[in-house]
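Working notes, structure below.
Everything numeric here is computed off the predicted structure, so don't read it as measured data. Heavy-atom basis, side chains included; hydrogens, waters and symmetry copies ignored. Lettering of chains follows the sequences in order, A, B, ..., and the numbering in each one begins at 1.
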Amino acid sequence: MFALIDCNSFYCSCERVFRPDLESRPVVVLSNNDGCCIALSPEAKALGLKMGTPYFQARELINRHKVAVFSSNYELYGDLSRRVMTVLGRFSPRQEIYSIDECFLDFSGFHDPEARAREIKRTVERWTGIPVSIGVGATKTLAKAANRFAKNDPQSGGVKVLPPDVDPGDTLARLPVREVWGVGHRWARRLGDYRIDTAEALRRADPAWIASVFNATLARTVRELQGHTCIPLELQPPPKQQIVVSRSFGRPVTAFEDLREAVFTHVTRAAEKLRGDGLAAQVVHVFAHTNAFQPEAPQYHGTATLALPRPTQDTRRLASQAEAGLRRLYRNGFCYKKAGVMLLELGSPNVLQNELFATPETDGETFRTRRLMEVLDNINRRLGRGTMFLAGQGGHQSPRPWRLRREMRSPRYTTAWKELRQVN
DNA sequence: TCTGGGGTCCTAGGACCC
DNA sequence: TCTGGGGTCCTAGGACCC
């Protein structure tokens with residue numbers, strides 16, 4: 001059993017913690033540059049405001065109903081999030097912090113999950129001032145589904161349990177398929193072509209058929225709806241694969257200098273994140289593009305990807321590489337609307353350094369091949385899908401071992417590598 | 001005039017190899 | 001001259017999540 005605890009209108013609730021006068025008044029929180037509405041209190045939703053609506057389109061409605069409007073304050077939200085998560089962590093040793101406002105708890109073995117959930121809800125609200133909704137189910141997907149009812153059904157009192165021994169068909173039949181975790185608007189539309197309009201209809205679908213017509217991810221969702229755990233609890237966040245920092249400009253930008261300044265700011269911030277996670281990067285990717293909302297204007301998506309001479313977390317090195325990338329992608333005569341930096345091929349600095357010496361020189365050598373292949377087979381089996389490193393005789397002869405390096409970061413790799421060296 | 005930011009996973013298809 | 005089957009690697013793009 002899993003519980004999903006979700007903070008109600010999290011950013012709005014955070015603002016309300018310090019502004020009790022806003023209780024029961026509609027509240028909206030805006031994105032960067034006050035571009036669009038990214039959080040709405042229930043009262044704001046009732047006015048017909050929608051998540052993601054551009055502020056300039058909503059402004060008239062907002063003014064007319066005296067909606068309280070805030071620019072986003074991520075430090076505040078991060079701080080309150082940590083407090084909420086700490087409180088939640090007291091109720092189960094197995095906790096997955098899924099996002100800034102959601103977490104899963106392992107509810108296995110609780111004899112009265114509903115009472116437990118209500119206790120959690122009361123405690124969080126009393127200790128942090130943030131209201132939450134709780135859904136409980138046999139899988140994470142079912143817990144998510146239950147959460148929708150906890151949130152939207154006033155009868156529920158903010159808690160909904162789907163017991164594993166009761167067929168959830170009646171409940172799931174009331175959940176539009178679009179609201180299932182893992183089903184976005186595109187798949188919802190395509191599923192509709194097959195008359196799969198509700199969570200229940202999706203649960204009744206054949207996973208193999210779904211896998212062939214859609215993909216493996218959606219098939220997994222079907223299995224989860226059927227009560228089979230396919231998405232385990234992740235107690236530790238997996239290591240980051242990329243770090244992105246990007247912003248829209250308040251005004252269109254044309255000059256290289258302005259672009260350079262923005263990219264410098266972004267790469268500095270990205271380097272801070274990198275060091276904060278104890279990682280180093282091997283690749284810098286830079287991008288800048290024009291405003292897609294003005295299709296009549298000339299459009300340009302500039303990107304540049306550069307490998308670093310050696311793994312680094314040093315701001316200056318990253319910045320010089322980012323600037324080189326920017327020079328490469330910059331085209332005169334465009335109005336740039338957004339720019340950003342991505343750091344890729346991340347890993348622990350030491351491991352990455354060692355990898356520079358770890359490129360195995362086994363290509364083209366036929367002696368000991370048989371034994372080598374046996375070992376590789378074993379290793380690959382253990383490492384699982386997508387990691388058939390070194391196994392083929394074909395493949396690129398040129399050394400671009402990015403893929404290799406990614407696998408090498410896993411702790412399992414270390415053992416694998418030792419074995420390989422023994423054979424060699 | 002004004003339309004967010006930060007992530008992950010999967011798949012199709014081309015280049016390349018034997 | 002015929003033009004296969006099996007495989008890897010990479011990229012782009014599509015889908016999803018918050």
Tell me which pairs pass side-chain hydrogen bond (donor to acceptor under 3.5 Å, both in side chains) where either residue lies in [range], with sequence neighbours left out.
| range | value |
| --- | --- |
| residues 84-94 of chain A | A:Arg94-A:Asp106 |
| residues 32-44 of chain A | A:Arg16-A:Glu43, A:Asp34-A:Ser71, A:Ser41-A:Glu43 |
| residues 244-257 of chain A | A:Glu257-A:Arg260 |

Is a donor on one side and an acceptor on the other found under 3.5 Å between the side chain of A:Thr315 and the backbone of A:Thr268?
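Answer holds: no.
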Keeping A:Asp101 on the side-chain end and A:Phe10 on the backbone end, is there a donor-acceptor pair under 3.5 Å?
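Flag not set: sc A:Asp101 to bb A:Phe10 has no pair under 3.5 Å.
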Can you tell me if A:Lys240 touches the phosphate of B:dG6, counting only side-chain N or O atoms and a distance under 4.0 Å to OP1 or OP2?
no
Tell me whether the side-chain N/O atoms of A:Lys144 come closer than 4.0 Å to OP1 or OP2 in C:dC18.
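For C:dC18, OP1/OP2 do have a side-chain N/O of A:Lys144 under 4.0 Å.
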Just the rounded figure in Å: distance from [atom2] of [N] to [atom1] of [X].
| X | N | atom1 | atom2 | result |
| --- | --- | --- | --- | --- |
| A:His266 | B:dG4 | NE2 | C1' | 12 Å |
| A:Glu224 | B:dC9 | CD | P | 16 Å |
| A:Lys140 | B:dT8 | NZ | P | 15 Å |
| A:Leu30 | B:dG5 | CG | C1' | 14 Å |
| A:Ile231 | B:dC10 | CD1 | P | 11 Å |
| A:His289 | C:dA12 | NE2 | C1' | 15 Å |
| A:Leu344 | B:dG6 | CG | C1' | 13 Å |
| A:Phe10 | B:dG5 | CZ | C1' | 17 Å |

So that I know where these two stand, are A:Tyr330 and A:Tyr336 an aromatic pair - ring centroids less than 6.0 Å apart?
yes
Please list each protein N or O that sits under 3.5 Å from an N or O in nucleotides 13-15 of chain C, with the distance.
unit_1: C:dA15; atom_1: OP2; unit_2: A:Arg186; atom_2: NE; d: 3.1

From the list B:dG5, C:dC17, B:dC10, which nucleotide is the closest neighbour of the side chain of A:Arg247?
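Looking only at heavy atoms from C-beta outward on A:Arg247, the closest nucleotide is B:dG5.
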Contacting residues from residues 71-108 of chain A, given that a heavy atom lies under 4.0 angstrom of DNA chain B:
none
Of all of residues 37-44 of chain A, which get a heavy atom below 4.0 angstrom from DNA chain B, listed by number?
none
Restricting to side chain to side chain donor-acceptor pair (under 3.5 Å), what partner residues turn up for A:Lys337, sequence neighbours left out?
none
Reading DNA chain B from 5' onward, which residue's closest nucleotide shows up sooner: A:Val244 or A:Phe214?
A:Val244
For A:Ala211 and A:Asn32, take the nucleotide of DNA chain B holding the closest heavy atom to each; which residue's nucleotide lies nearer the 5' end?
A:Asn32
List the steps, then state whether side-chain hydrogen bond (donor to acceptor under 3.5 Å, both in side chains) holds for A:Asn8 with A:Ser133.
CA-CA 7 Å; A:Asn8 301 344; A:Ser133 305; 2.7 Å; yes
Would you list the protein and nucleotides 1-3 of chain B atom pairs, both N or O, that sit under 3.5 Å from each other?
unit_1: B:dT3; atom_1: OP1; unit_2: A:Lys337; atom_2: NZ; d: 2.2

Dot-bracket pairing map - DNA chain C, Watson-Crick plus G-U, both contacts under 3.5 Å, | cross-strand
....||||||||||||||
A:Arg148: partners by salt bridge (charged side-chain N to carboxylate O under 4.0 Å, His left out), with sequence neighbours left out
A:Glu179
Who are the salt bridge (charged side-chain N to carboxylate O under 4.0 Å, His left out) partners of A:Glu200, not counting sequence neighbours?
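A:Glu200 satisfies salt bridge (charged side-chain N to carboxylate O under 4.0 Å, His left out) with A:Arg203, A:Arg204 once adjacent residues are dropped.
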Mind checking if A:Val180 touches a base, just sugar-phosphate, or nothing, with heavy atoms under 4.0 Å?
sugar-phosphate
Please classify the nucleic acid contact of A:Ile243 as base, sugar-phosphate, or nothing, using heavy-atom distances under 4.0 Å.
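Sugar-phosphate, no base atom in range.
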Can you check the distance between B:dT3 and C:dC17, where both ends of the measurement are the P atom (answer in whole Å)?
25 Å
Pairwise C1' distance for B:dC2 and C:dC18, with rounding to whole Å:
25 Å
Partners of A:Gln313 by side-chain contact (heavy atoms from CB on, under 4.5 Å), sequence neighbours excluded?
A:Leu274, A:Arg275, A:Pro349
